[in-house]
Amino acid sequence: MRETVRQAARATVGLVMSAALAFGTIIFITVLLITATLTLAVVGAGLLPETVLLIRRIAGAKRNLVAQWTGKVIPEAYQPIEGPLRQRLRTAVRGPGTLGDFRWMICHYVYGFLGLFTAPLWLVGLPVDGVRQGLLGRSPLVLPLIGRLADLDAAWSTTLLKPSPEALLAVRIEELTQTRAGAIAAHGAELRRIERDLHDGTQARLVSLSMRIGIAKRAYERDPETALKLLEDAQSQAEEALAELRHVVRGIHPPILTDRGLAGAVRALAASSGLDVTVVVDGLEDGAQSGSRAPAAVEAAAYFVVAESLTNAAKHSGSERAEVRLVRNRGGLSVRVADEGQGGADEGGGSGLLGMQRRVAALDGTLLMTSPVGGPTVIEVELPCVW
């Protein structure tokens, strides 16, 4: 009986809050009428976007109530209302989520007051179910009806508030537009970095190398020893130029990824790090011929995330240890990098995290960083792919 009362009380709280929300939306009709009147008069056209935003908040409150009862989240799919007034008006009126929220609000005026039936159900249910369950040992009959009313309220709300295919498509297009812009920006930054490395490093060394060879040629006949020394210096510069070229190539796509796969490349990266790094691999194997290889773009993004995370940990965390975890799952690849440092990492503090976010977003992945003051700092990345 105690569990029955507890479930009925929980359902009652949700239904009462839903009724209060419905009562609030009835009062909100006045705001809608004022907005409609002023919009038609053109004077208050700026109120329309704000009214739609308010409706979204009310619908969001109902989504939260449903999620608390059912444990399932109703997703939101809204286009942002921003920009000039004309653009905001167009989004507020034509946005696919606006019609759905308005339709839910109208229906909620009716079924939102299901909570009013809870009072008589409690009055009848406590004695009836008390006798049936407490004395006769039978299943309760009346109080579970309150839970069914809550289920009915949640089912109708889910149906009405669930985003339409058009709304989901509009949000998806907006996401792809943003990730495409981020990918282009990341690509441009990478090209500028490669150009800078080649211009400031390799090109300068090659120019100096050419000049030394020319001087050695002119000095060869009159001073062979000086010419030999110049050629030795030129050879040293040629080796340094080759080393810088290898460094640039590794920045584009590390050859070790092709040779040893992601797991082997990350182990090599951990070994060369200044930290004591533990690498945990689940479902991936070393070697280029392994059947557990992810696509090259996914491997490169994961490698970049690990490399950048370990570099930041070595520079800023103050920790001596870190852990890298690579997990193959059904939907893609999971990467987790954690250090035991002081934490407090700022997501907007530098270009490293932004570069990681852009690389991951370009592959339709997600990146989450948690870094409370005092540590630890954890970076978790999900990269979707087909194995």
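- L333 places a side-chain heavy atom less than 4.5 Å from the side chain of L284.
- When all heavy atoms of A313 and L275 are compared, the pair lying nearest together is CB-CD1, 3.7 Å.
- No side-chain donor-acceptor contact under 3.5 Å links S273 to the backbone of L269.
- No side-chain donor-acceptor contact under 3.5 Å links Y111 and S18.
- D282 CG to R325 CZ: the interatomic distance, rounded to the nearest 0.5 Å, is 8.0 Å.
- Each of V16 and V124 belongs to its own hydrophobic cluster when Ile, Leu, Val, Met, Phe, Trp and Tyr are linked at side-chain heavy-atom distances under 4.5 angstrom.
- Residues V13 and R10 have side chains not in contact (no heavy-atom distance under 4.5 Å, counting atoms from C-beta outward).
- The two atoms that bring V52 and I81 nearest to each other are CG1-CD1, 3.9 Å, heavy atoms only.
- The NE2 atom of H108 sits 5.0 Å away from the CG atom of L21 when rounded to the nearest 0.5 Å.
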Please step through side chain to side chain contact (heavy atoms under 4.5 Å, CB included) for the pair T158 and K72, ending with a clear verdict. CA-CA 10 Å; T158 301; K72 297 179 180 179; over 6 Å; no
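- With rounding to the nearest 0.5 Å, the separation of CD1 in I146 from OG1 in T118 is 6.0 Å.
- The CD1 atom of I106 sits 12.0 Å away from the CG atom of D101 when rounded to the nearest 0.5 Å.
- Using a 4.0 Å cut-off between a side-chain N of Lys or Arg and a carboxylate O of Asp or Glu, D153 and K62 qualify as a salt bridge.
- Residues L152 and W69 do not share a hydrophobic cluster, clusters being chains of Ile/Leu/Val/Met/Phe/Trp/Tyr side chains in contact below 4.5 Å.
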Should T377 and N312 be marked as a side chain to side chain contact (heavy atoms under 4.5 Å, CB included) after you check the CA-CA gap, both sets of side-chain angles, and the distance that decides it? CA-CA 10 Å; T377 297; N312 291 339; over 6 Å; no
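- Listed here is the closest heavy atom pair of S319 and R321: OG-O, 2.8 Å.
- A single hydrophobic cluster is seen to contain both L367 and L383, as judged by linkage of ILVMFWY side chains at heavy-atom distances under 4.5 Å, directly or through other members.
- Between C385 and A294, the closest heavy-atom pair is SG-CB, 4.3 Å.
- Here the straight-line distance linking atom CH2 of W156 with atom CG of L114 works out to 6.0 Å at 0.5 Å rounding.
- At least one donor-acceptor pair under 3.5 Å links the side chain of R63 to the backbone N or O of L161.
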For L257 and L262, what are the C-alpha separation, side-chain angles and deciding distance, and is it a side chain to side chain contact (heavy atoms under 4.5 Å, CB included)? CA-CA 6 Å; L257 272 178; L262 178 62; 4.0 Å; yes
Checking L326 against V335 for the side chain to side chain contact (heavy atoms under 4.5 Å, CB included) test, could you report, in this order, the C-alpha distance in whole Å, the side-chain angles of both residues, the deciding distance, and whether it holds? CA-CA 5 Å; L326 305 174; V335 181; 3.9 Å; yes
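- Residues M356 and S309 come closest through the heavy atom pair SD-OG, 3.7 Å.
- When all heavy atoms of G115 and L15 are compared, the closest pair comes out as CA-CB, 3.6 Å.
- Summarising the geometry, atom CE belonging to M17 is positioned 6.0 Å from atom CD belonging to Q68; distances are rounded to the nearest 0.5 Å.
- In the hydrophobic clustering of ILVMFWY residues, with side-chain heavy atoms under 4.5 Å counting as a link, V360 and V327 come out apart.
- Judged purely by atom type and a 3.5 angstrom limit, T278 has no side-chain atom pairing as donor or acceptor with the backbone of E323.
- Criterion: ILVMFWY side-chain heavy atoms under 4.5 Å apart, direct or through other members. Under it, Y109 and L99 are not part of a common hydrophobic cluster.
- Within a 6.0 Å sphere centred on CD of E320, heavy atoms belonging to other residues, nucleotides or ligands number 12 at most.
- Residues in residues 112-133 take part in no ring pair (Phe, Tyr, Trp, His ring centres under 6.0 Å) pair, two or more places apart or across chains.
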